[in-house]
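Position 1 is the first residue of the sequence, and the numbers go up from there.
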Amino acid sequence: MTLKIADLEICSRTELGTLRYFARFQDGLNVLAAPNSFGKSTLLQAIIYGLGLEGMFSSSRKAPFGPALLSVADFPNKQRARVRESWVTVTVKNEDDRHLRSKRFILGDTVDTSLVQTWQGSSYEALESARQTDMFVRQPGAAARELGFHHELANFMKWDLPKVPGFNTAEVPLYLEAIFPLFYVEQKSGWSGVAPRMPTYLRIRDVLRRSVEFTLGLSTLQRLRAQAALKAEEEEIKTSWTNAYRRAHEAAAAVQGRISLVSENPVTPARRQPIVIEGLADGRWLPLETILRSWRGRLNELESHEVASAGSRTPEARAELESAENEVHKLGASLRLINERLGLTQNDVDILASRLAALDVERQRFADMRKLRTLGSELGISTVSRDTCPTCGQELDGREVATGVAASLDTSLAEVEAEKETLISVQNAASQKVDLLESERRATEALLDDARQRVRVLRDELSGPSNVPSRAQVREQVRLSNTIEQNQRILDFLNQLEEVFDELAEKWQDVRDRLRDLGDGSMSPDDQQTLKNWQRSFRQQVTDYGLRSIPPAELSIDTETLVPVNDGMELAFDLTMAISASDMIRTKWAYYVSLFEASKESKHGHHADLLIFDEPRQHETDRGSLAAFVRRLSVGAASGCQVIYATSEDRRELEEVLAGVPCHILPAQGQHLLMPMS
């Protein structure tokens, strides 16, 4: 799970020739010592660019280089030439000593900067005969698809990058650009705070915490992934349940019925009740099975006798017509009453929605006034507290309130919240009533249509020939037969849905049980030991580096944010907190190196075993502290970490700091990094 830099080549082809820098890197401590403006930052950024990781700095697609690689390059003889083409080639190796070489253009006529040319081999020498494979980076899919370079790089490092919670979507990959800020500190803004600068455009929620958890191999990240998977299962079950619930209601509406008892949201088997579909009969809502039995009895009775002629049942038809006309009047009156009640209830819902919107505005006004008060303002508060109603804004006198004064802002806010909660409850109840009235209206309209058709048929029968079969009886038999068949199909369908709800309830119970089994998110004993190791290493280092602003024993790694804190406050350069700029740098050194050491001790750590520091002696940190830092780096290098250290220290002072420390000095001949090819 390591990534070591084997070599680096930077080329800038100009009108006057090609400028180049090439360096081989060694395991352990690599030092690039050169004066300011030499191009040390260019070299380190070229490593990052060659690996397609410049997105860790910003979302910009612009290459992070100066004119020498983008526009105009200077030659040692003071000549200047326009850059025609430039590129970076970086070779890396993993723990199996396999090598991966990537070439990426910075400026090219026909090659896009998103293209990465790659070669892989079982050894450094094998790269010379390796087959070229073109891949892409900084494009959608670069971290997930087969030809995505970061997908290949993660595989090369034997990293299984997890999915983590995102802002706009349920999960996003923990991209390499979110992890590598823990291994590299760039010069311009990397030293501006203790915690690493993390890319926010990747839309990863708690990106620093997630990256540190992965690097340390904490089980909290595994638990988070398991929780996210279970939450996704929950959402899937909710969606399936909602769809089944909707289908049940649509089926009931098809026969002008309504569904009761079944829950709108998923429940466990112990709480689930069977689906009950009801129909409107004789002004009452009855179970559809009961109504079907009544209809079947009526149909059997009709079918047991021959259809009478229209003339033989004239008196009976007249009585049925009178009854049907009365039924039409009765149902019409009921429908008008239902529509009136529905209109009033819908009006209540609209009024409640309007009031809730007004309460939101009112709550915001009070919140703004309270904010002004915390800032020291008294403007507006006296108005509210003296003679203005906090709810409606009307003028008050002593008769309107028991005390003669209006409530305070805090009391008014509490009252607004309480009123909002009550109104939401009332609105939900009113909305449910609207749904019930809608069902009743549909059922009543269907009954009214049937009664009107019966009136028409009976009138036609009484005015038609007397020797033909009774139209009313024929129609009634056909209607009952069709109605029974249609309603029975709905019942059969709902019985099938019962099985769906049973299965979903079982799944819901299983997911809830597994979520409880995950626990409350507390850290495992291994996690606690890893954080304890990190804490010990961190405090030991800030002590060795000579931290003076704060007693090292008062510093800790916060278990929630995973950043250094003092008395619960994140460390930052702040004169009011008496934290000096140089002490902030010492703390940053300790944070990065202790994270590496804790990851090495962890059973499941994922550190790249690579640390890159660009000008770590910021704010003129004293030489004793720097020497202690370099000695600690050499200990890390001896345990397998490759360290790349760029500095503009005076050569003699640097030799004193590096005295007795094994290191590899990178080539730095000439005034600038890029030199003409010989």
Side-chain angles (χ1 to χ4, degrees), residues 1-2 28-29 179-185 190-198 208-218 220-221 523 526-566 569-572 579 582-614 616-618 621 624-645 661:
M1 297 183 183
T2 63
L29 178 59
I179 301 172
F180 267 77
L182 301 176
F183 314 144
Y184 175 75
V185 186
W191 299 100
S192 59
V194 176
R197 294 179 65 251
M198 305 300 289
L208 175 59
R209 178 179 174 84
R210 301 286 87 90
S211 298
V212 172
E213 287 173 340
F214 176 77
T215 303
L216 292 176
L218 300 183
T220 51
L221 186 56
M523 291 190 174
D526 285 345
D527 290 349
Q528 293 174 8
Q529 185 60 49
T530 297
L531 289 183
K532 189 181 297 184
N533 295 339
W534 190 16
Q535 185 91 272
R536 183 188 66 249
S537 174
F538 175 73
R539 283 179 174 168
Q540 184 184 68
Q541 288 185 56
V542 292
T543 301
D544 293 345
Y545 301 157
L547 183 74
R548 290 183 289 271
S549 299
I550 303 171
E554 295 183 6
L555 292 182
S556 62
I557 303 293
D558 185 79
T559 57
E560 289 298 321
T561 61
L562 301 181
V563 298
V565 295
N566 174 38
M569 297 291 293
E570 182 178 341
L571 294 183
I579 301 175
S582 59
D583 271 348
M584 185 185 67
I585 299 303
R586 294 182 179 94
T587 308
K588 194 172 185 77
W589 293 345
Y591 185 81
Y592 275 76
V593 179
S594 63
L595 179 63
F596 159 73
E597 294 177 354
S599 176
K600 291 294 287 184
E601 293 184 75
S602 171
K603 296 179 181 178
H604 308 288
H606 297 96
H607 201 284
D609 291 346
L610 174 68
L611 285 173
I612 302 175
F613 297 101
D614 190 358
R617 191 187 180 187
Q618 299 285 317
T621 309
S625 297
L626 185 64
F629 174 55
V630 171
R631 286 194 298 271
R632 194 76 180 211
L633 288 178
S634 69
V635 173
S639 65
C641 184
Q642 184 185 49
V643 181
I644 302 175
Y645 179 116
V661 176

Q: Decide side chain to side chain contact (heavy atoms under 4.5 Å, CB included) for Q642 and D609; before the verdict, give the C-alpha distance in whole Å, the side-chain angles of both, and the deciding distance to 0.1 Å.
A: CA-CA 6 Å; Q642 184 185 49; D609 291 346; over 6 Å; no
Q: Could you check if a side-chain atom of L182 sits within less than 4.5 angstrom of a side-chain atom of V212, using non-hydrogen atoms only?
A: yes
Q: Please confirm whether W534 and Y591 have ring centers closer than 6.0 angstrom.
A: yes
Q) In Å, rounded to the nearest 0.5 Å, how long is the span from CD of E597 to OG of S599? A) 11.0 Å
Q | Gap between atom CG of L562 and atom CG of L218 - 0.5 Å precision | A | 7.0 Å
Q. Atom CG in D544, atom CZ in R632: separation rounded to 0.5 Å?
A. 6.0 Å
Q. Do the side chains of R539 and S594 get nearer than 4.5 Å, heavy atoms only?
A. no
Q. Can a salt bridge be assigned to the pair E601 and R536 using a cut-off of 4.0 Å between side-chain N and carboxylate O?
A. yes
Q.
Using 0.5 Å steps for rounding, measure from the CG atom of L611 to the CG atom of L29.
A. 10.5 Å
Q. At what distance, to the nearest 0.5 angstrom, does OG1 of T543 lie from CG of L555?
A. 8.5 Å
(Q) Quick check: Y592 with Y184 (ring centres under 6.0 Å apart)? (A) no
Q. Of all heavy-atom pairs between W589 and Q541, which one has the smallest distance, and what is that distance?
A. O-OE1, 4.1 Å
Q) Is it the case that T561 and D558 place a side-chain donor and acceptor less than 3.5 Å from each other? A) yes
Q. Taking atom types as modelled and ignoring hydrogens, do the side chains of E213 and T220 form a donor-acceptor contact shorter than 3.5 angstrom?
A. yes
(Q) For a 4.5 angstrom cut-off between non-hydrogen side-chain atoms, does D614 reach V185? (A) no
Q: With the side chain counted from C-beta on, respond yes when L216 and L531 share a heavy-atom pair under 4.5 Å apart, and no when they do not.
A: yes
Q.
Does the plane of the ring in F629 sit parallel, tilted or perpendicular to the ring in F613? Use 30° and 60° as the thresholds.
A. perpendicular
Q. Does the H604 side chain pair with the main chain of S602, one donor and one acceptor, at a distance under 3.5 Å?
A. no
Q: May I ask you to test the F538-T587 pair for a side-chain heavy-atom distance under 4.5 Å?
A: yes
(Q) Within this structure, what is the CD-NZ distance for the pair Q529 and K603, rounded to the nearest 0.5 Å? (A) 9.5 Å
**Q.** Trace of the side chain to side chain contact (heavy atoms under 4.5 Å, CB included) decision for F596 with T215
**A.** CA-CA 8 Å; F596 159 73; T215 303; over 6 Å; no
Q. Under 3.5 Å, side chain of D583 to main-chain N/O of S549, donor-acceptor pair present?
A. yes
Q | Side chain proximity check, V635 to V593, heavy atoms < 4.5 angstrom | A | no
(Q) With a 4.5 Å cut-off on side-chain heavy atoms, are P564 and I557 touching? (A) yes
Q: Start with the C-alpha gap between S556 and V565, add the side-chain angles, then the distance that decides, and say whether side chain to side chain contact (heavy atoms under 4.5 Å, CB included) holds.
A: CA-CA 6 Å; S556 62; V565 295; 3.4 Å; yes
Q.
Before you tell me yes or no, could you show the steps for I585 and Y545 under side chain to side chain contact (heavy atoms under 4.5 Å, CB included), namely the whole-Å CA-CA distance, both residues' side-chain angles and the distance that decides it to 0.1 Å?
A. CA-CA 10 Å; I585 299 303; Y545 301 157; over 6 Å; no
Q | Any R586 side-chain heavy atom under 4.5 Å of R548 side chain | A | yes
